[in-house]
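Here the structure is laid out as structure tokens; the discussion comes afterwards.
We use all heavy atoms of the structure for the numbers below, so side chains are in, but hydrogens, waters and symmetry mates are not. When a ligand or atom number is given, it counts from 1 through the structure's own listing order.
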Amino acid sequence: MHQVTMSREEQIGLVKARLQQAQEVVVLTGAGISAESGVPTFRGDDGIWQHYRATDLATPEAFARDPELVWAFYNWRRELISRVEENRAHRALVVLEQTVPGFTLVTQNVDGLHRRAGSKNLIEVHGNLWRVQCTECARISVDMSVDMGVLPKCKDCGGLLRPDVVWFGESLDGRLLNRAEDAARACDVMLVVGTSGIVYPVAFLPALAKGKGAFVAEINMEETPLSPGLDLTILGKAGDVIPLLVA
Ligand code: BJW
Ligand code: ZN
């Protein structure tokens, strides 16, 4: 595919046509899709929280060393995300789910905005910020509190709670990852939206789809390490581009 020779209109027309013919569609999203809602990305310049990089706080080591700091970070994000709304890109994916025969949305985001928008067949591979897990008894529960306090404790056993998200070096839920991989292998079209494509094992999914013959298009503000291996990269904001693909 010589995408450099294609205009943006041609790119959009091509992806639209592929989507219209598709039986199975997978959309893989990352932090970029929530950026227009006002949620900072991980690796952008706005990704700094109180002089800490988000990626330095999303580790079991950071939580073991300073759980108060990590909880302050997650409380800040809870507060922020509770105030924002899903955007045009989240909403367009809900429409896409309703118009194609088979649809799976795999998101790395923990903000819950896809579910709030109304997406149904959703796999949150890195967990969800609104769930907590006890570090002692392992019980998982939903807690929508905007502020969890300094060091929140389990109601059952008094153990320290942690956010039910996947940090670096931790395994993803095997069943969720399997579902995502099966969907990637089975799809005719994959859209890769707003992810830097550097965090594994999720970053393998586009190649998995491509290896099985799927048409894989990326929507991002910039090229990523994934771009050379894909059929097409549409440069632009998710909120501008995705609605055009489903119109
Ligand atoms: C827009 C936009 C707009 C902006 N419109 N676009 C194999 C190879 C190499 C390394 C590894 C490997 N296997 C495992 C590893 C280690 C590690 C890893 O991948 N490291 C790499 C960084 C090298 N992976 C893991 O540890 C994973 N676990 C694992 O594999 O377990 C088995 C194992 C363990 C130990 C050793 C070996 C194997 C777990 C990864 C968990 C990631 N967790 C986080 C935090 C979640 C909780 C939370 O949110 O608080 O997940 S880190 C962070 O990165 C978060 C994200 O989901 C994830 C991906 O980030 P994302 O979404 O791509 O965001 P950004 O900011 O990076 O990019 C935004 C993009 O949007 C940019 O491209 C912008 O241009 C674009 N954009 N505005 C469109 N409007
Ligand atoms: Zn407990």
Side-chain angles (χ1 to χ4, degrees), residues 27-49 52-63 70-71 73-78 80-81 87-90 92 106-113 123-141 152-174 176-177 191-207 218-227 233-243:
V27 180
L28 170 63
T29 66
I33 199 168
S34 294
E36 289 160 77
S37 291
V39 183
T41 61
F42 286 88
R43 294 168 183 85
D45 294 335
D46 61 346
I48 305 278
W49 172 77
Y52 296 94
R53 288 215 149 263
T55 44
D56 293 336
L57 295 168
T59 69
E61 291 77 20
F63 190 67
V70 174
W71 263 117
F73 170 60
Y74 279 91
N75 279 329
W76 170 75
R77 285 172 66 198
R78 278 175 172 252
L80 190 150
I81 292 163
N87 64 50
R88 291 177 298 164
H90 296 105
V106 180
T107 188
Q108 300 168 83
N109 300 344
V110 302
D111 56 29
L113 290 180
I123 308 177
E124 294 174 315
V125 277
H126 287 166
N128 188 302
L129 176 92
W130 301 105
R131 286 195 312 258
V132 290
Q133 180 172 32
C134 177
T135 58
E136 299 288 334
C137 73
R139 203 176 94 97
I140 293 171
S141 51
K153 298 283 162 47
C154 174
K155 289 188 182 71
D156 292 338
C157 78
L160 177 64
L161 295 175
R162 58 163 284 175
D164 187 24
V165 299
V166 183
W167 286 326
F168 281 115
E170 295 183 325
S171 298
L172 281 66
D173 181 322
L176 296 186
L177 183 60
L191 304 181
V192 181
V193 185
T195 177
S196 56
I198 59 172
V199 175
Y200 287 86
V202 169
F204 282 131
L205 296 174
E218 177 180 50
I219 295 103
N220 200 307
M221 307 266 285
E222 56 191 35
E223 297 219 346
T224 72
L226 299 175
S227 308
T233 296
I234 303 180
L235 294 175
K237 290 186 175 182
D240 292 335
V241 176
I242 313 276

Problem - Check: V166 and V125 side chains under 4.5 Å, non-hydrogen atoms - result: no

Fill in the blank from the handout: Closest non-hydrogen atoms of G159 and E136, given as atom of the first, atom of the second and distance, are CA-CG, 3.4 Å

Handout entry: Shortest reach to atom 50 (O) of ligand 1 by a heavy atom, considering only F42, F204, Y74, W167
Key = Y74

Practice task
May I ask you to check if ligand 1 and Q108 share an N or O to N or O distance below 3.5 Å?
Solution key: yes

Problem - Geometric N/O contact G169 with ligand 1, under 3.5 angstrom - result: yes

Practice task
Show which atoms of ligand 1 fall inside a sub-4.0 Å distance from at least one heavy-atom site of E36.
Solution key: 3 (C), 5 (N), 80 (N)

Exercise for the section: Describe, in one word, how the ring planes of F73 and W76 are oriented to each other, choosing from parallel (under 30°), tilted (30 to 60°) and perpendicular (over 60°). Expected result: parallel

Practice task
Using a strict cut-off of less than 4.0 Å between a Lys/Arg side-chain nitrogen and an Asp/Glu carboxylate oxygen, indicate whether E170 and R162 qualify as a salt bridge.
Solution key: yes

Practice task
Please indicate, with yes or no, if any protein heavy atom is found under 4.0 Å from atom 27 (C) of ligand 1?
Solution key: yes

Practice task
Please check atom 33 (C) of ligand 1 for a protein heavy-atom neighbour under 4.0 Å.
Solution key: no

Problem - Pair L172-H126, side chain to side chain contact (heavy atoms under 4.5 Å, CB included): steps then yes or no - result: CA-CA 7 Å; L172 281 66; H126 287 166; 4.0 Å; yes

Problem - Nearest protein heavy atom with distance in Å, relative to atom 62 (O) of ligand 1 - result: A31 N, 2.8 Å

Practice task
Establish whether atom 46 (C) of ligand 1 and some protein heavy atom are separated by less than 4.0 angstrom.
Solution key: yes

Handout entry: N220 touching ligand 1 at heavy-atom level, < 4.0 angstrom
Key = yes

Fill in the blank from the handout: In T195, T29, N128, the residue satisfying side chain to side chain donor-acceptor pair (under 3.5 Å) with T107 is T29

Practice task
Kindly indicate whether the side chain of S37, heavy atoms from C-beta on, has any atom under 4.5 Å from the side chain of D111.
Solution key: no

Exercise for the section: Could you tell me whether the side chain of C134 reaches within less than 4.5 Å of the side chain of D156, counting heavy atoms only? Expected result: no

Practice task
Considering heavy atoms of the protein only, find what lies nearest to atom 21 (C) of ligand 1 and give residue, atom and distance to 0.1 Å.
Solution key: I198 O, 3.3 Å

Exercise for the section: List every atom of ligand 1 that sits less than 4.0 Å from any heavy atom of E170, numbering the atoms from 1 in the order shown and giving each element. Expected result: 27 (C), 28 (N), 29 (C), 31 (O), 39 (C)

Problem - Atoms of ligand 1 close to G30 [distance to a heavy atom under 4.0 angstrom, numbered from 1] - result: 62 (O)

Problem - Residue, atom name and distance, where the atom is the protein heavy atom closest to atom 41 (C) of ligand 1 - result: V166 O, 3.3 Å

Completion exercise
Nearest heavy-atom approach of I242 to A92 is CG2-CB, 3.8 Å

Handout entry: Nitrogen or oxygen atoms of T224 and ligand 1 under 3.5 Å apart
Key = no

Problem - Heavy-atom protein contact below 4.0 Å for atom 38 (C) of ligand 1 - result: no

Practice task
Identify, for atom 49 (O) of ligand 1, the protein heavy atom at the shortest distance, and state residue, atom and that distance.
Solution key: R77 NH2, 2.8 Å

Handout entry: atom 30 (O) of ligand 1 - nearest protein heavy atom and its distance
Key = P201 CD, 3.5 Å

Practice task
Supply the atom-to-atom distance F168 CZ to D56 CG, rounded to the nearest 0.5 angstrom.
Solution key: 9.0 Å

Handout entry: Part of V165 within contact of ligand 1 (heavy atoms, under 4.0 Å)
Key = side chain

Exercise for the section: Keeping the roles fixed (side chain from Q133, backbone from A138), state whether a donor-acceptor pair exists under 3.5 Å. Expected result: yes

Practice task
From atom 12 (C) of ligand 1, work out which of F168, F73, Y200 has a heavy atom at the shortest distance.
Solution key: Y200

Practice task
Report the part of V193 (side chain from C-beta onward, or backbone N, CA, C, O) that has a heavy atom under 4.0 Å from ligand 1; answer both or neither where that applies.
Solution key: neither

Exercise for the section: Just need the protein heavy atom nearest to atom 70 (C) of ligand 1, so name the residue and atom and give the distance. Expected result: G194 O, 3.4 Å

Exercise for the section: Give the atoms of ligand 1, by number and element, whose distance to some non-hydrogen atom of S171 is under 4.0 Å. Expected result: 31 (O)

Completion exercise
re atom 54 (O) of ligand 1, the protein heavy-atom contact at minimum distance is R43 NH1, 3.2 Å

Practice task
Considering heavy atoms of the protein only, find what lies nearest to atom 5 (N) of ligand 1 and give residue, atom and distance to 0.1 Å.
Solution key: A238 N, 2.9 Å

Exercise for the section: To the nearest 10 degrees, could you say what angle the Zn ion (ligand 2) makes with SG of C157 and SG of C137? Expected result: 120°

Practice task
Pick one of side chain, backbone, both or neither for how V110 approaches ligand 1, counting any non-hydrogen atom pair under 4.0 Å.
Solution key: side chain

